**Student:** 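Mind looking over this structure? Questions follow.
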Protein chains: 2
Amino acid sequence: MDSVYLRKGYVHMASMKDVAKLAGVSVSTVSRVISNSIPVDEKTREKVERAIEAVNFKPNLLAQGLRSKSGNIIGLIVPEILHESFIYFIKYIERYVSEIGFNLIIGNTSNKPKLESEIIDNMIRRNVDGIIFSRVSDKSKVMRIIEKTDIPVVIIDRALGQEDIPTVVLDNYDAGRLCAEHLVALGHEKFACITGPRDIFLSRDRLRGFVDVLKKNGLGLPESNIFEGDFKFETGKKGMQYFLETGAEFTAIWGQNDLMAIGAMNELVRRGRRIPDDISVVGMDNINAAEMLVPSLTTITQPFEEMARISVDMILKERNGETIPEKRVVLSPGILIRETTSRARIAT
Amino acid sequence: MDSVYLRKGYVHMASMKDVAKLAGVSVSTVSRVISNSIPVDEKTREKVERAIEAVNFKPNLLAQGLRSKSGNIIGLIVPEILHESFIYFIKYIERYVSEIGFNLIIGNTSNKPKLESEIIDNMIRRNVDGIIFSRVSDKSKVMRIIEKTDIPVVIIDRALGQEDIPTVVLDNYDAGRLCAEHLVALGHEKFACITGPRDIFLSRDRLRGFVDVLKKNGLGLPESNIFEGDFKFETGKKGMQYFLETGAEFTAIWGQNDLMAIGAMNELVRRGRRIPDDISVVGMDNINAAEMLVPSLTTITQPFEEMARISVDMILKERNGETIPEKRVVLSPGILIRETTSRARIAT
DNA sequence: TTGTAAGCGTTATCAT
DNA sequence: ATGATAACGCTTACAA
């Protein structure tokens, strides 16, 4: 008799009705005890609380959500769960959201606009209290939500130009600046860079910051020392292959994320170049692998946890009708100096 | 006028009532059109469908869930989101679940029993259709759900002895076997192993499989060549330090997951040992980093996607009252041979 | 085939 | 301070 595998009869999860009956009061009184908003006589409160204990009552969240139009749930939409930096958002947002008594529901768009619509609809149909986008493929979708419903929306990680949507982003210009300053301080004079897609703000901002610092120091980055990647390991390798085959001259390279930087390192090592003795390498994101390599990767860091907290806070503020002082929060990157960067070889 | 930041008036999301009114029918008819369960006149159906289009109606999932006691949502409980192998479960389970029209809600226990209880309760309160556990810290919690509610439960990745709970696991014995066979075939004769916690079935099973093959080949694994780790990078390093300092003799080592194997590699490289010329290394899981290293890591693979699909399918079957043919599904690992393993040096 | 009405488990508005 | 009662948006007997 495999009773485990047979659908057991529905086991009544205690409802307010049960509590009310046991405590000898009405359901409204029970509700009041729980919400703690309206004064209740001490004695009845105690009776009710005992009853709640006795039947192990927990309010049904669907009923609450239906009635109050707030599902106590926040939606997070990412284009790709396994992506090295999104998992940090997932982790920290989940943690923070649950700390404040919400649940997190995750949608993975796989970068398909059609899926994106579906996911958004689904979330709306769950009366989500807000939606956090990590990278938006189609701006209009976000605008539609904002215009047609009252659901708070926050965009994290990738800005959309100067729209009027609450946004939490990294100061990507500063990321490039930090990187260049570190390398220049080490005496490097010739550089290369593997960027993200050039049509993305974030990649361009990073590059601008990088180049500006070089210029300020009388140095520069020739276009032939720039390779456009897609933030994946493979294009990091490809970029380095390209540089090495075209004979580009440089003693330091920046991969605009760790994956590409590691790809570049991989190619260097396979061709017998020494890091950092021949070439210094900097990445960005500080993914797990960065410190597992030999040599360990110097990298630009993002305050993922802070970004997560701020974006959730913004959702809650919007939801409570509070005005958000700054609709565009810009956070600063840091730099973690490890073993892939060292002083440039003395020029001869 | 920052209208975006002011809570806008509630924008009525079309309900069945609206559709019914527009189509000139009752709500029940609308419901029937949607559920497609009960015959509806072709003409009214068309009227209703037009109305649905017109107001862009999507049934509210909370109301549906409340009424039907099925929230159309599946809960996944993991002890740690950022963990290298759980993210694969998250990814694949999310994908599959959403393919079949469900949402996924994720709970992160951080290995805290108290949180575990809370998360389970929360899920129950959302009328989840099932709960998938990836590693359970406290068996009794699972048993409680199974006994006290009718919520389908599946355990994935880590078995709990021989309980009567539907489970999807890897054949860990086979994982050890595969690894040993590969190394023995390469001519290795002395081995070392960095295991997971020895009090976990999975670690012991892997080790048994490994050792059994060695024995079958007239070889062995002395206790002094076994180091107990915790599946993290650091203990991989520590393990190798230990072996090197105690002068353990071996030409091949297995780290029971990639993180530990990579930790061991790290230590080897830092001490000037060559991989695989001096020491061959095998890992397990095939995490991203495995192929990014030089040399790239030979590793035992797990069918994460298949495990995900099967566990979701089991949930659905339980939910539909179907009997599950085998309550314990055991899947086979594979081996991905890359660059960290090579023929043993000829013994002199 | 279709409509009416009760009910899912809450909260909020009335009275009392 | 407390209790009826309606309502949230849907499904499902039961009638018609």
Side-chain angles (χ1 to χ4, degrees), chain A residues 10-48 51-52 55-73 121-122 124-129 149-150, chain B residues 10-48 51-52 55-73 121-122 124-129 149-150:
Chain A
Y10 174 67
V11 180
H12 191 65
M13 252 290 255
S15 74
M16 287 185 56
K17 228 175 176 172
D18 304 308
V19 177
K21 198 171 294 171
L22 185 57
V25 297
S26 72
V27 287
S28 0
T29 302
V30 178
S31 174
R32 283 173 194 126
V33 169
I34 290 171
S35 70
N36 227 327
S37 52
I38 290 166
V40 172
D41 186 86
E42 250 329 294
K43 288 187 174 172
T44 44
R45 151 162 271 120
E46 273 173 26
K47 267 195 306 188
V48 171
I52 288 177
V55 301
N56 189 28
F57 167 77
K58 303 269 170 58
N60 181 295
L61 291 166
L62 298 192
Q64 280 188 329
L66 176 60
R67 177 60 224 225
S68 60
K69 296 218 172 307
S70 147
N72 249 268
I73 197 164
D121 275 339
N122 245 13
I124 295 178
R125 293 165 64 195
R126 282 196 191 283
N127 295 7
V128 286
D129 295 285
T149 80
D150 61 341
Chain B
Y10 175 66
V11 180
H12 191 66
M13 253 289 257
S15 74
M16 287 183 59
K17 226 173 176 174
D18 303 310
V19 177
K21 198 172 292 170
L22 184 57
V25 298
S26 74
V27 287
S28 20
T29 302
V30 178
S31 173
R32 283 171 196 130
V33 169
I34 291 172
S35 69
N36 227 328
S37 52
I38 291 167
V40 172
D41 186 87
E42 251 328 295
K43 288 187 173 173
T44 44
R45 151 162 271 121
E46 274 174 25
K47 267 194 306 187
V48 171
I52 287 177
V55 300
N56 187 30
F57 167 75
K58 303 268 169 59
N60 181 296
L61 292 166
L62 297 193
Q64 278 188 329
L66 178 59
R67 176 58 225 231
S68 59
K69 298 218 172 303
S70 147
N72 248 268
I73 196 163
D121 276 338
N122 244 15
I124 295 177
R125 293 164 64 192
R126 283 197 190 282
N127 294 8
V128 286
D129 296 284
T149 80
D150 62 342

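Order of the sequence lines fixes the chain letters, A, B, ..., with proteins taken first and strands second; residue numbering starts at 1 for each chain. Just so we're clear, the structure is a prediction, and the values are computed from it rather than from any experiment.
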**Student:** Below the 4.0 Å mark, does D/dT11 have OP1 or OP2 next to a side-chain nitrogen or oxygen of B/K69?
**Tutor:**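 Answer is no, no contact under 4.0 Å.
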**Student:** For the pair made of CE in A/M16 and P in C/dG7, what is the distance, rounded to whole Å?
**Tutor:**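 About 18 Å, once rounded to whole Å.
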**Student:** Could you state the CG-P distance from B/N60 to D/dA7, rounded to the nearest angstrom?
**Tutor:**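 Going from B/N60 (CG) to D/dA7 (P), I get 18 Å.
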**Student:** So what does B/K43 hit on the nucleic acid, given a heavy-atom distance under 4.0 Å: a base, only sugar-phosphate, or nothing?
**Tutor:** nothing
**Student:** In the structure I gave you, are the side-chain heavy atoms of A/I34 and A/I52 within less than 4.5 Å of one another anywhere?
**Tutor:** yes
**Student:** Grab the CG-P distance between B/L66 and D/dC10 for me, whole Å please.
**Tutor:**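 It works out to 12 Å between those atoms.
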**Student:** Report yes if at least one side-chain N or O of A/K17 is closer than 4.0 Å to OP1 or OP2 of C/dC8; otherwise report no.
**Tutor:**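 For C/dC8, OP1 or OP2 has a side-chain N or O of A/K17 closer than 4.0 Å.
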**Student:** Verify, without hydrogens or angle tests, whether A/R125 (side chain) and B/P59 (backbone) share a donor-acceptor contact under 3.5 angstrom.
**Tutor:** yes
**Student:** Is any side-chain N or O of A/Q64 closer than 4.0 Å to OP1 or OP2 of C/dG9?
**Tutor:**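 Indeed not, no polar side-chain atom of A/Q64 lies that close.
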**Student:** If you fit an axis to the five pairs at each end of the helix from C/dT1-D/dA16 to C/dT16-D/dA1, how big is the angle between those two axes, to 10 degrees?
**Tutor:**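 Result, rounded to 10 degrees: 50°.
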**Student:** Check whether any side-chain heavy atom of A/M13 sits under 4.5 Å from a side-chain heavy atom of B/D150, and report yes or no.
**Tutor:** no
**Student:** Is there a donor on the side chain of B/R67 or the base of C/dG7 sitting less than 3.5 Å from an acceptor on the other?
**Tutor:**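 Checked by distance alone, the answer is yes.
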**Student:** For the pair made of CZ in A/R125 and P in D/dG9, what is the distance, rounded to whole Å?
**Tutor:** 14 Å
**Student:** Think B/S68 has a side-chain N or O under 4.0 angstrom from the OP1 or OP2 of D/dT11?
**Tutor:** no
**Student:** Produce the list of close N/O pairs, under 3.5 Å, pairing protein atoms with atoms of nucleotides 1-3 of chain D; give distances to one decimal.
**Tutor:**
residue	atom	partner	partner atom	Å
D/dT2	OP1	A/T44	OG1	3.0
D/dT2	OP2	A/D41	N	2.7
D/dT2	OP2	A/T44	OG1	3.0
D/dG3	OP2	A/S26	N	3.0
D/dG3	OP2	A/S26	OG	3.2
D/dG3	OP2	A/T29	OG1	2.5
D/dG3	N7	A/R32	NH1	3.1
D/dG3	N7	A/R32	NH2	3.2
D/dG3	O6	A/R32	NH2	2.4

